[in-house]
Engineer: 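Have a look at this one before I ask anything.
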Amino acid sequence: MRTVSGRSLCLKINILTLFPEMFSGVFSASILGRAREQGLLDVAFTDIRSFSEHKHKNADDYPFGGGAGMVMLAQPVLDAMAAAREALPGARRIYLGPRGRRLTTEVARSLAREEGLILLCGHYEGVDQRALDACIDEEISIGDYILTGGELAAMVLTDAVCRFIPGVLGSEESPEEESFSDGLLEYPQYTRPRELRGMAVPEVLLNGNHALIQAWRRRESLRATLRFRPDLLASAPLSPKDRKILEELRAEEAENMPSEEDSPCFSES
Ligand code: 4G0
């Protein structure tokens, strides 16, 4: 196993779920699968249902006070958590739910440095609050929408976090070079062939002038951010040169706007 200054950098994750079979494809293919094979990521599952003390292995019940949906029982969740904690004593215990702190690049980067993670996936209308109060360090949400269960959120979190484990991305790629890391969106990418169905690759990328390529990419990152996520520009670290480029891009944009005479709103008839 790889170590840096004596510390092993294998991130250990234990996922508490009623549906462990949902994870097999996502965690076996591509980069997550390779990270596990390389010993950089260790994912284990705790099947909450197996901790049920009911004879039919029930893991949920009707909510006190009435209302639609089911609530997951506290007892199997607490016992599953105790078992997971025995395997990962120092792990951070996270509940995936819509009330949580929003998952961002920053959150993912910091979770990658934890000793371990225990991810609790709720189903139905969530989990009995007493279990959450007793055994959860933090609730995290992957966005403002409701899913049928926390499993997909746990997969998204694991994928986003995994990219920040040293060695998971090739030595060439860095998680810091991607969108959002410098507060801007990515520049466009191209690969062979140089021309496809009349569409050419921008000339600057073909002639090996790395200073020119770098400048072009910065400009295209700024262009993409201005067009698709102008809100990000308020907090992105921008140089005076970047600000000058943005002014040029705004002017270009204004030039390409249809003039008022062309607009159907201004037609005479
Ligand atoms: C807890 C996470 C969990 C409460 C989980 C539902 C969205 C997310 C669940 C509920 C999830 C997210 C109150 C419906 C399971 N949905 N945005 N579903 N309620 O991260």
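Whatever order the structure lists ligands and atoms in, that order sets their numbers, starting from 1. Basis for what follows: all heavy atoms, side chains included, without hydrogens, waters or symmetry-related copies.
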Engineer: Which pair of heavy atoms, one from V26 and one from M155, lies closest together, and at what distance?
Structural biologist: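 Where V26 meets M155 most closely, the heavy atoms are CG2-SD, 3.6 Å.
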Engineer: Identify, with sequence neighbours excluded, every residue that meets side-chain contact (heavy atoms from CB on, under 4.5 Å) alongside L212.
Structural biologist: V204, N209
Engineer: Output, or 'none' if empty, a list of ligand 1-protein atom pairs in which both atoms are N or O and the distance is under 3.5 Å, rounded to 0.1 Å.
Structural biologist:
residue, atom, partner, partner atom, Å
ligand 1, 16 (N), L147, N, 2.8
ligand 1, 17 (N), S141, OG, 3.3
ligand 1, 17 (N), G143, O, 2.8
ligand 1, 17 (N), Y145, O, 3.1
ligand 1, 18 (N), L147, O, 3.1
ligand 1, 20 (O), I142, N, 2.8

Engineer: With a 4.0 Å cut-off, would you call D128 and R130 a salt bridge?
Structural biologist: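 Salt bridge: yes.
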Engineer: Could you walk me through whether N207 and E203 satisfy the side chain to side chain donor-acceptor pair (under 3.5 Å) test, starting with their C-alpha distance in whole Å, then the side-chain angles of each, then the deciding distance to 0.1 Å, before giving a yes or no?
Structural biologist: CA-CA 7 Å; N207 58 28; E203 195 62 36; 5.5 Å; no
Engineer: Applying side chain to side chain donor-acceptor pair (under 3.5 Å) as the test, list every pair that has at least one member in residues 17-35; sequence neighbours left out.
Structural biologist: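 Listed by first then second residue: T17-E151.
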Engineer: Determine which pairs satisfy salt bridge (Lys or Arg N to Asp or Glu O under 4.0 Å) with at least one residue from residues 209-223, sequence neighbours left out, and list them in order.
Structural biologist: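 Listed by first then second residue: D182-R218, R218-D242, R219-E248, R219-E252, E220-R223, R223-E252.
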